Structures are given as structure tokens and as C-alpha cells.
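Here the structure is laid out as C-alpha cells; the discussion comes afterwards.
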Amino acid sequence: MTRDSESSLRPDGGETAAEGADDLALDPWGSSTVSDYRKLFEEFGIEEFDEVLPEVPNPHYLMRRGVIFGHRDYRAVTDAMQAGDPWAVLSGFMPTGDPHIGHKLVFDEIIWHQERGGEAYGLIADLEAHSARGLTWDEIDEHSRDYLLSLLALGFDPEDGVLYRQSENRELQDLAFELGIEANYSELQAIYGFDGETDVSHMQSVVTQMADILYPQLGEPKPTVIPVGPDQDPHMRLARDLATRMRFFKVTEAYASFEADDAERELLAEAHETLADVADGATIRCVHAAQYLAHGADAVDFDVERPSVDVPDIEESARASAVKKLRSAGMEPFRPRTRFFDRKATDEAFEALVDAVEGEKRVYEGHVDAFDLDVAEAEELAREVEVDNGGYGFMLPSSVYHRFMTGLTGGKMSSSVPASHISLLDDPEDGYDKVKSATTGGRETAELQRELGGEADKCPVYELYAYLLAGDDDEFATKVYDECVGGERLCGDCKEQAAGLMREFLDEHQEKRAEAEELLDDLDIVLDTDRA
Ligand code: TRP
Ligand code: SF4
């Protein structure tokens, strides 16, 4: 069976990613749909979720079915999960309308992670809603309440997790201010397309989101997963950059006292590996590595007392520059070491680091080289010294990405088009009706459907089953899929069944929302803002 649609899902974890054709631009405030998920892997470096799936203990059905399709660095989180180390999950919601079944995916992801032992955070992005979307504070209050009630109703445990609104969180805003020092306008322009007309508060909402993403690490650095749609990936990239820029030290591998870039370092590593094999007890010096990189292994002579090397005309610029650096380092021993580069440490922190490095070390202006530490040990030490000396020691935040649900009317599911989505506040009968009138992947006639089978991969109703209605029951999701594509299932009955399940879901969810009212009122989260 081949699947050719942009929205191919697996009912049971059996097949892989999507195909499609559209141009791709990720805009957190735009209305971009993503129809070619592969481009996210190729152009933006998001990794396929399948690659970490085996590390996830009892994966969520959204993971098993390929709804959660991508990630950045999620392994940091699964490692912490398995090791019993602290880790966190956080996501945020802009209170611009009713929470709908698309938001439910994210609520479920937060809750699932909380149940697996993560510190859980849910936040209301009210500053963003106010600045980027122009909602009034009254509207924001009302919607915030609705988001929080649904999150609680679906099982978020507030005793064991944190809920906040951006506008009420002073610590968050202080962090945003600090992070803002590391980001400049040109960068926001490049990432988000901001221009001279962009208002300053909108930009502030960006640094606020950066602070949200790093907020779980304020107490102590820890792996953190941010479940979001791929439209939020620009925010993840910036947050990961800023986390790096806040670090006191940068740890790299080095081979001599000079600095090398990544491409040069790769060549140095190769030179070292080769020369170590042939040195036979002789001291390997920078000039030997220069000979090797310029003229190959045969040109290296450990017996010559002051070997010289001319830099030939080398096309590859990294090789040429590495050879030059090695040549001017001359007789300096060529030895692998771990380097702590002083990025923005205070003097005391740098001194503390120098003291803390065990074994052989060499201190230079702006960096210290350690000869008896591997990179992982050095990373850990750098973070420890940073935190002890008043730094944050941020780890790079991780993310997982879920597919957008197709709207019930085809096209994009949008909060501003009521018929395209099902609000978690919809009257269950309206929910039933919306499903009944949804677009399907069915054929023109029942006869054709029996003959050719339906196109479940293009069917918003099938998505409802896979994303929500089948819940944890893979067998049921697979059955719907197989019956559909096998021509045994006709759209009328299929929608009737889905509509009934939707009505049931909404009924039950709204009952739980009512029960959650009390829980919400007991939390110290302000829902009647005293703002104009
Ligand atoms: N920008 C997000 C949205 O448009 C909301 C948000 C704010 C968020 N802060 C966040 C999402 C932190 C994830 C993590 O929906
Ligand atoms: Fe969609 Fe169901 Fe029709 Fe298949 S039978 S196309 S899943 S509505």
C-alpha cells in the first residue's frame, strides 16, 4: 500500500513520513499550512520523530501514529526520563479564541509528559495575544479561563505542575529582559520578517516566549521539551541560540594553542588520528600535522629536526588555513585537549573554572585547556562552575512537533472559521453536526467507494479518529483505516460513528470542565485583569 497524500498518518505505527508539494515558510503569526513535512527535515534540521521513538517508554498514541512527526534533541529528555534525572515539559497558548481540538493535542502532550515524571508547565501567552493579535484584556481573561479549564479537565495536575500567565510572572519578565540583551533587531528581522513597522511590544512578546521556553531551567538546568506545531520552530531555533549565548563557557576540542573553526577542527582530528598511528613514540608537533594536511602521510618525517612545510595551493580553504595555523605553531606539540573558551564568564568564574579543572591544564588569555578531561566531563564541569557563580547554565531546550489537523471543511483548521474546527466548548450536538457535514476522502458514489476504497489519507474525518476519537486504541484506528481504503466502509456510516464519538467526547469533556472550575478558582492565577 502506498500513501501519497500530504497528510498520511499511520494508524498503528507502521509507516513513515509525509509527502507533498507546497512552499514552506514558517511564520508563527501567519496562516501558513505545512503540506510538505519533509522540507522541515531538510531545510530546518528538524529530525524525524521515528528516530527517537524506540527510546520513548510507552509512547503516546500521537507518537505511535506519526501525528507527532518531528523533534529537536528529544533524546536529551528521553535520556533524563530513563535515568530518573530531572526534566521538564512546557507549552504555551495564545488566548485568542476558544480552545479547540487542535489545542487538545498539546494539552495531551503536556499531561502525558507530566504523568511520566516531568515538571510540567502550561502558560497563557497573554502578552503575545495582546501585542501580536490586539485582543483586549477582557477577551484575554475570558479565553485564558477556557484554556486553563480544558487543560485541567484533560488531567493536568496543578499541584504538581505550574500554570502562569506571562503578564503576571515577574521572574519570567526579568529573564526575558536578560535574554533580550543577547538578541538584536537584525536577527528578529531575519527570523520573523519584522520590519520598521513592527511594534516594540510584539518584539517584547518574542523575548517573553524565549523566557517561557527557558523558564523551567531557572531553578536548575534541565532538559525541557516544548511540544508545539512546526510554525513555532523559529522560536525554538532562537531560544536554542540564546541559551547558548547565555553560557559562560564554550567547550570544544582542540589540538594546539590556536583557535580552529569546525571545519579546521575536523581536519586536525583526522591528522591526529593518522599521525598517532605512525609516530611510534615520537612527539607529534604542529608542523607534522601541517605536513600531513598539505602533502599527505608520506610527507611526514619525524626524524628531521626542524621540518619545514610550504603551503601548496590548496583549493579547500579550511585545509589551507589549518595548514597555515599549524605551520606558525611550528614545534608546539600537537596534542588533543578539551578547551574551555571564556564566552561571557566573570573573572571570578573563569578563575573558579581554572581551579576546578583537574589534571594537566594550561591557562591562556581567554581560554583554558584541559588534557585529562573528555568533552562530556568538561561540559558538566563548565555548567557546574557557571551555576555556582551566578549563571543559568542553560541546557538547549528540546521540542517535539505535531502535524496540524486539517479543517473539517478541507483546508486549514482555523480558530476564526467555526465550521473548520470543533471547539472544546461547542455544544455536543453542534459538534455532532459539524462532523456530519465534514468533507471526506470518499469517492463520488458508494459504488466507486466499494470498488476503489476511500482516501483515508486525505480525509479530515479519518484524522479525527487518528488524532482524537480512537484514543489509545490502535486497533480501532487501524480498523477504520483498513476498512476505508479497502472499500468496506462508506462515508455516511463512518461519519455517523465519528459524530457520535465526538458528541460523547464533548459531553464528557464539558462535564470535566465544570468540575475543574473549583480547582481553577483555588489556584492563584489572576483571571480578572485590572487592565484597560
Ligand atoms: N507563540 C505560541 C502560540 O502562538 C504561544 C507561546 C508562548 C508558546 N510562549 C510559548 C508556545 C512557549 C510554546 C512555548 O501559540
Ligand atoms: Fe473518510 Fe470514513 Fe469516508 Fe474513509 S469512509 S473517506 S475515513 S469518512
Side-chain angles (χ1 to χ4, degrees), residues 5 7 9 11 26-31 88-97 99 102-103 106 109-110 121-129 131-133 143 147 164-167 169 172 176 192 202 205-216 224-236 238-239 397-401 404 406 408 410 415 435-444 446 448-450 452-466 469-470 477-499:
S5 122
S7 58
L9 282 173
L26 293 177
D27 175 1
W29 302 282
S31 57
V89 57
L90 171 141
S91 196
F93 306 91
M94 245 209 289
T96 51
H103 299 112
V106 185
E109 290 180 72
I110 296 177
Y121 297 76
L123 70 99
I124 299 294
D126 56 354
L127 293 178
E128 186 182 359
S131 64
R133 288 281 161 77
H143 298 315
Y147 275 86
Y164 69 83
R165 325 171 39 139
Q166 291 176 326
S167 66
N169 189 334
L172 177 84
Y192 302 108
H202 191 172
S205 80
V206 169
V207 287
T208 307
Q209 177 154 354
M210 298 304 104
D212 289 329
I213 291 170
L214 297 169
Y215 186 69
T224 305
V225 59
I226 315 290
V228 277
D231 62 315
Q232 298 293 304
D233 188 56
H235 289 307
M236 286 313 303
L238 180 58
S398 311
S399 45
V400 291
Y401 302 98
F404 293 121
T406 310
L408 297 174
S415 314
V435 177
K436 287 283 278 199
S437 30
T439 310
T440 72
R443 307 288 175 179
E444 261 140 58
L448 268 180
Q449 176 106 345
R450 287 204 187 88
L452 302 171
E455 296 185 279
D457 291 322
K458 293 184 182 162
C459 179
V461 178
Y462 176 68
E463 268 183 45
L464 291 178
Y465 282 104
L469 301 173
T478 310
K479 180 168 141 53
V480 172
Y481 188 91
D482 290 347
E483 287 179 357
C484 171
V485 300
E488 297 148 52
R489 189 173 261 266
L490 298 184
C491 296
D493 292 346
C494 183
K495 288 210 278 188
E496 175 63 36
Q497 186 179 21

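Indexing begins at 1, ligand by ligand and atom by atom, following the structure's order. What's counted below: heavy atoms across the whole structure, side chains too, no hydrogens, waters or symmetry copies. These numbers come from a predicted model, not from an experiment.
- Considering backbone and side-chain N/O of Asp212, one or more are found under 3.5 Å from N/O of ligand 1.
- Each of the following atoms of ligand 1 lies closer than 4.0 Å to a heavy atom of Leu90: 12 (C), 14 (C).
- Remark: ligand 1 atoms within the under-4.0 Å shell around heavy atoms of Ile226 are 13 (C), 14 (C).
- Near Glu128, meaning under 4.0 Å from any of its heavy atoms, are these atoms of ligand 1: 1 (N), 2 (C), 4 (O), 5 (C), 6 (C), 7 (C).
- With hydrogens and angles left out, the side-chain atoms of Glu463 and Thr406 include a donor and acceptor closer than 3.5 Å.
- Using a 4.0 Å cut-off between heavy atoms, Val228 contacts ligand 1 through its side chain alone, with no backbone atom that close.
- The pair Lys436-Glu496 meets the salt-bridge criterion, with a side-chain N (NZ, NE, NH1 or NH2) lying under 4.0 Å from an Asp/Glu carboxylate O.
- Within the listing of ligand 2, atoms 8 (S) sit less than 4.0 angstrom from a heavy atom of Thr440.
- Residue contacts with ligand 1: His235 is placed with no nitrogen or oxygen under 3.5 Å of a nitrogen or oxygen of the ligand (distance criterion only).
- Tyr192 and His235 have tilted rings, their planes meeting at an angle from 30° to 60° on a 0 to 90° scale.
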### Evaluation steps, side chain to side chain contact (heavy atoms under 4.5 Å, CB included), between Leu464 and Leu408
CA-CA 9 Å; Leu464 291 178; Leu408 297 174; 3.8 Å; yes

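- In terms of protein heavy atoms, atom 8 (C) of ligand 1 is closest to Gln209 NE2, 3.4 Å.
- For atom 1 (Fe) of ligand 2, the set of nearby N, O or S atoms under 2.8 Å includes one belonging to Cys459.
- Less than 4.0 angstrom separates some heavy atom of Met94 from each of these atoms of ligand 1: 4 (O).
- Among the backbone and side-chain atoms of Cys491, an N/O/S atom is found under 2.8 Å from atom 3 (Fe) of ligand 2.
- Looking at Gln449 against ligand 2, only its side chain comes within 4.0 Å, counting heavy atoms.
- With respect to atom 2 (C) of ligand 1, the closest heavy atom belonging to the protein is Gln232 OE1, 3.2 Å.
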